[in-house]
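First comes the structure, then the notes that go with it.
Excluded from the calculations below are hydrogen atoms, water molecules and symmetry mates; all remaining heavy atoms, backbone and side chain alike, are included. For this chain, numbers begin at 1 and follow the sequence in order.
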Amino acid sequence: QVRLAESGGGLVQAGSSLRLSCAASGRTSGTYAMGWFRQAPEKERDFVASINWSGGTTRYADPVKGRFTISRDNAKNTVYLQMNSLKPEDTAVYYCARALGVATSVYESAYDAWGQGAQVTVSS
């Protein structure tokens with residue numbers, strides 16, 4: 001069983017940057033895409049970004065394109081989400097997830113392991 005642990009969340013002002021990390025432990029063997037999702041208060045969980053196993057292919061939700069960057073370090077079993085130019089509407093709990101396969105996906109059903117989430121709050 002793989003365990004995912006997010007870190008790096010916090011309270012920042014609009015225009016600031018944060019970097020989230022997601023460290024995998026346990027059964028980390030195999031090749032998997034990874035993704036980030038977020039859930040704002042009283043809203044459904046939405047796709048944010050995904051990266052394939054090699055790191056050569058990434059996919060972003062429209063609201064974060066040009067501001068967020070997903071990356072991974074397979075040697076460290078860690079995936080990152082660099083968030084720049086943060087806006088109040090980025091406020092949410094951010095979850096990392098491991099995909100069932102090697103390709104990126106925007107669908108929650110494509111992921112089989114989830115972290116507990118990291119709170120990101122952006123003040124105006």
- Is the closest side-chain donor-acceptor distance between Thr104 and Tyr60 under 3.5 Å? no
- Taking 4.0 angstrom as the limit, do Lys87 and Asp90 come out as a salt bridge? no
- Message: With rounding to the nearest 0.5 angstrom, report the CD to SG distance, Gln116 to Cys96.
- Response: 10.0 Å
- Task: Work out which heavy atom in Ala33 is nearest to a heavy atom in Ala103; give both atom names and the distance.
- Result: CB-O, 3.2 Å
- Roughly how far apart are Leu18 CG and Met83 CE, rounded to 0.5 Å? 4.5 Å
- Item | Close side-chain approach of Glu6 to Tyr95, heavy-atom, < 4.5 Å | yes
- Message: To the nearest 0.5 Å, what is the distance between CZ on Arg67 and CD on Gln82?
- Response: 12.0 Å
- Query: So, Glu89 versus Thr91: side-chain donor-acceptor pair below 3.5 Å or not?
  - Reply: no
- Message: For the OG atom of Ser105 and the CG atom of Leu100, what is their distance to the nearest 0.5 Å?
- Response: 9.0 Å
- Item | Donor-acceptor pair, side chain of Asn52 and main chain of Thr57, under 3.5 angstrom | yes
- What heavy-atom pair brings Ala49 and Leu81 nearest, and what distance separates the two atoms? CB-CD1, 4.2 Å
- With under 30° as parallel and over 60° as perpendicular, where do the rings of Phe68 and Tyr94 fit, or are they tilted in between? tilted
- Message: Please report the interatomic distance CH2(Trp36) to CZ(Phe47), rounded to the nearest 0.5 Å.
- Response: 12.5 Å
- Donor-acceptor contact present, side-chain Ser50 to main-chain Met34, <3.5 Å: yes
- Taking the side chain as every heavy atom from C-beta outward, state whether Arg45 and Glu108 have any pair of such atoms under 4.5 Å apart. yes
- Message: Looking at every heavy atom in both Leu20 and Gly8, which two are closest together, and how far apart are they?
- Response: CD2-C, 3.6 Å
- Test Arg72 against Asn74 for side-chain contact (heavy atoms from CB on, under 4.5 Å), laying out the working first. CA-CA 6 Å; Arg72 67 189 298 164; Asn74 289 337; 2.7 Å; yes
- Are the side chain of Ser109 and the backbone N or O of Tyr107 linked by a donor-acceptor pair below 3.5 Å? no
- Query: Side-chain donor-acceptor pair under 3.5 Å between Tyr80 and Arg19, yes or no?
  - Reply: no
- Kindly compute the distance separating CZ (Arg98) from OH (Tyr32), expressed to the nearest 0.5 Å. 4.0 Å
- What are the two closest heavy atoms between Gln119 and Val93, and how far apart are they? OE1-CG2, 3.2 Å
- Message: Quick check: is Tyr111 connected to Val2 through a chain of hydrophobic side chains (ILVMFWY, heavy atoms under 4.5 Å apart)?
- Response: no
